[in-house]
Trainee: 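If you scroll down you'll find the structure; I have some questions about it.
Lettering follows sequence order; numbering is per chain, from 1.
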Amino acid sequence: MTKDLLGRPQNKYALIDCNSFYASCEVVFRPDLEDKPVVVLSNNDGCVIAGNKKAKELGFKMGTPFFKMKSVMQKQEVAVFSSNYALYASLSQRIMALLRQYGSAIEVYSIDEAFLDLTNTEETTGIGALIRDNIKSQTGVPVAVGIGSTKTLAKLANHIAKKDPNFPGVCELTSYEADRKCIAHWPIDELWGIGRQHCKSLQEHNVFTIGSFMDLPEAYIKKKWHAPVWRIYKELQGVRCHTFKERPPAKQGIGTARTFAQPVNDWAKLKEIMCGFVASVTEKLRKQNSLTQQISVFVMTDKHREQNHYYGSEKIKLDVPTDDTAVLIKAMLFLLKKVFKERHNYKKAGVHLTKITPNHSFQQTLNKVHNVNEVEKKHQLLGTLDRINRRYGKNTLVFASQRLAARQPFEMKQENKSRKFTTNINEIAFVL
DNA sequence: TCTGGGGTCCTAGGACCC
DNA sequence: TCTGGGGTCCTAGGACCC
């Protein structure tokens with residue numbers, strides 16, 4: 001096995017990334033749109049968050065507000081979809097399940113990306129091509145495969161596989177040194193971890209390409225920039241700094257927030273929406289077997305158009321770590337009363353759990369309460385609640401305080417939503 | 001009058017990712 | 001009229017302790 005600069009055995013990672021994932025998912029069920037521009041919008045049809053190649057060629061930038069481009073898009077006959085996360089999640093699961101067959105381990109990095117461990121695989125470039133072809137033929141979603149001895153190289157290889165016609169969907173890199181020719185000319189901000197700010201500061205030092213970055217002495221990089229930049233430098237040399245994480249680490253913070261299509265000024269309505277948020281974050285908390293010891297809330301008016309913009313947030317530390325929805329709803333309401341001010345139109349609000357610790361068979365709670373049976377009963381009740389909601393759908397069982405919001409979720413603007421082709425039998429696709 | 005220094009913990013804010 | 005949501009990591013600086 002080859003060694004890296006530190007003498008450690010070298011790994012081989014593949015990064016599989018779906019091309020324009022959300023847009024590709026929509027096209028799977030609308031093959032007539034294959035060669036037409038397609039974009040997908042964020043919640044509330046607020047921003048454009050995904051677009052296929054055709055849409056990008058027309059110059060539509062991801063992240064811009066939809067209303068600014070709406071009329072131009074209509075003129076150019078762009079197919080516009082509201083986001084349909086249930087559909088994308090279900091396609092994602094199918095892709096991840098297929099990928100598992102090709103590597104010894106998988107790290108699902110995001111809804112449309114995964115790293116595969118190919119360390120003990122021969123013929124990796126060939127396997128990459130097989131992955132590309134099989135995912136496309138079995139799900140309809142086009143992917144690119146980048147292979148490298150570090151995650152940073154795999155990411156860069158993936159980018160090259162997508163952009164450089166010499167590498168049709170698959171690219172393999174060993175190190176900067178070995179592959180200088182096909183790496184050096186790329187602009188610095190194509191690197192994973194170099195965003196707007198780092199790019200600007202590197203450019204101020206006359207670094208515009210990966211080649212000029214790698215030509216700098218290591219000591220200079222260390223002196224001028226922070227640790228993350230130096231790590232990118234090492235990873236490009238083939239020295240592993242980012243480890244492979246087969247099991248996702250427990251989240252350190254769990255939050256949820258929404259922008260409302262119609263601003264809310266009514267206490268009762270806001271209260272019920274927020275109770276729904278607490279139910280949703282505590283379910284995620286229990287799913288990762290954790291407890292929280294701090295909850296925070298925030299509410300805000302529309303910063304873009306309210307003269308008298310208001311942002312209020314409060315947090316509270318709990319005496320005992322908990323995963324109990326009822327306890328957290330009570331704490332949330334205490335905080336919400338503090339931040340809620342009459343005569344404001346709230347445009348966005350959210351709940352956040354922090355100070356999260358593992359729930360080692362809820363022993364900590366048992367030690368601090370008198371009635372062990374009560375805790376045991378509550379634990380079973382919440383477990384049952386989660387199982388029912390997972391089995392029969394979100395909000396099948398809800399707490400009384402979230403009643404209204406659960407039955408009648410606050411209106412989200414979704415004017416162009418596709419059907420739940422894969423997750424709802426009533427909306428299944430027909431082949432005629 | 002002279003006003004140390006090192007360690008730890010916490011938090012806020014910046015930068016980045018998808 | 002209409003501007004998303006959910007995360008991670010790092011660092012500087014304050015508070016506190018001995």
Trainee: Are any of the side-chain nitrogens in A:Lys303 or A:Glu306 under 4.0 Å away from the carboxylate oxygens of its partner?
Mentor: no
Trainee: How far, in whole Å, is C:dC16 from B:dG4 if one measures between their C1' atoms?
Mentor: 15 Å
Trainee: Base, sugar-phosphate alone, or nothing: which one does A:Lys68 contact when heavy atoms must sit under 4.0 Å apart?
Mentor: nothing
Trainee: Please give the nucleotide sitting opposite C:dC18 as a Watson-Crick or G-U wobble pair, both distances under 3.5 Å, or none.
Mentor: B:dG5
Trainee: Under a 4.0 Å N-O cut-off, is there an ion pair linking A:Asp133 with A:Lys136?
Mentor: no
Trainee: Send over the distance from A:Tyr85 OH to C:dG7 C1', rounded to a whole Å.
Mentor: 14 Å
Trainee: Distance check: side-chain N/O of A:Arg305 vs OP1/OP2 of C:dT1, anything under 4.0 Å?
Mentor: no
Trainee: Is it true that A:Glu107 and A:Arg247 have a side-chain N and a carboxylate O under 4.0 angstrom from each other?
Mentor: no
Trainee: Take A:Ala227 and A:Gly253, find for each the nucleotide of DNA chain C with the closest heavy atom, and name the residue whose nucleotide sits nearer the 5' end.
Mentor: A:Gly253
Trainee: Where does the angle between the aromatic ring planes of A:Trp267 and A:Phe340 fall among parallel (under 30°), tilted (30 to 60°) and perpendicular (over 60°)?
Mentor: perpendicular
Trainee: Mind telling me whether A:Tyr13 and A:Phe115 have parallel, tilted or perpendicular rings, with 30° and 60° as the class edges?
Mentor: perpendicular
Trainee: Examine C:dT3: is either OP1 or OP2 under 4.0 Å from a nitrogen or oxygen in the side chain of A:Lys347? Give yes or no.
Mentor: yes
Trainee: When you measure from the side chain of A:Asn44 to the backbone N and O of A:Gly46, does any donor-acceptor pair fall under 3.5 Å?
Mentor: no
Trainee: Could you check whether A:Lys251 gets within reach of a base, just the sugar-phosphate, or nothing at all, counting any heavy atom under 4.0 Å?
Mentor: sugar-phosphate
Trainee: What is the distance, rounded to the nearest whole Å, between atom CG of A:Asp189 and atom P of B:dC18?
Mentor: 12 Å
Trainee: Nearest of C:dG5, B:dC18, C:dT3 to any side-chain atom of A:Glu113?
Mentor: B:dC18
Trainee: Can you check the A:Lys151 NZ to B:dC18 P distance for me, whole Å?
Mentor: 12 Å
Trainee: Of all the nucleotides listed (C:dG4, B:dC17, C:dG7), which has the minimum atom distance to the side chain of A:Ser42?
Mentor: C:dG4
Trainee: Using whole Å, report how far CG of A:Asp302 lies from C1' of C:dC2.
Mentor: 10 Å
Trainee: Separation of A:Asn43 atom CG from C:dG6 atom C1', in whole Å?
Mentor: 11 Å
Trainee: Determine the contact category for A:Ser83: base if any of its heavy atoms lies under 4.0 Å from a base atom, sugar-phosphate if only primed atoms, P, OP1 or OP2 are that close, otherwise nothing.
Mentor: nothing
Trainee: Is it true that A:Lys155 and A:Glu113 have a side-chain N and a carboxylate O under 4.0 angstrom from each other?
Mentor: yes
Trainee: Any idea which of C:dG7, C:dT3, B:dC17 is nearest the A:Ile254 side chain?
Mentor: C:dG7
Trainee: Give the rounded distance in Å between these two atoms: CG of A:Asn44 and P of C:dT1.
Mentor: 17 Å
Trainee: On the nucleotide C:dG5, are OP1 or OP2 found under 4.0 Å from the side-chain N or O atoms that A:Thr256 carries?
Mentor: no
Trainee: Does A:Lys155 make a side-chain N or O approach to OP1 or OP2 of B:dC18 shorter than 4.0 Å?
Mentor: yes
Trainee: Restricting to non-hydrogen atoms, name the atom on A:Asp323 and the atom on A:Ser290 that form the minimum distance, rounded to 0.1 Å.
Mentor: CB-O, 3.7 Å
Trainee: Base, sugar-phosphate alone, or nothing: which one does A:Asp45 contact when heavy atoms must sit under 4.0 Å apart?
Mentor: nothing
Trainee: Quick one: sort the A:Trp192 and A:Tyr109 rings into parallel, tilted or perpendicular, breaks at 30° and 60°.
Mentor: perpendicular
Trainee: Answer with base, sugar-phosphate or nothing: what part of the nucleic acid does A:Gly350 contact at a heavy-atom distance below 4.0 Å?
Mentor: nothing
Trainee: Give the rounded distance in Å between these two atoms: CD1 of A:Ile16 and P of B:dC18.
Mentor: 15 Å
Trainee: Write down the distance between NE2 (A:His304) and C1' (C:dG4), rounded to a whole number of angstrom.
Mentor: 10 Å
Trainee: Want to settle it: does A:Ala257 or A:Gln252 sit nearer the 5' end of DNA chain C, counting the closest nucleotide to each?
Mentor: A:Ala257
Trainee: When you check every protein heavy atom under 4.0 Å of nucleotides 8-16 of chain B, what one-letter string (B, S, -) results, 5' to 3'?
Mentor: ---SS--SS
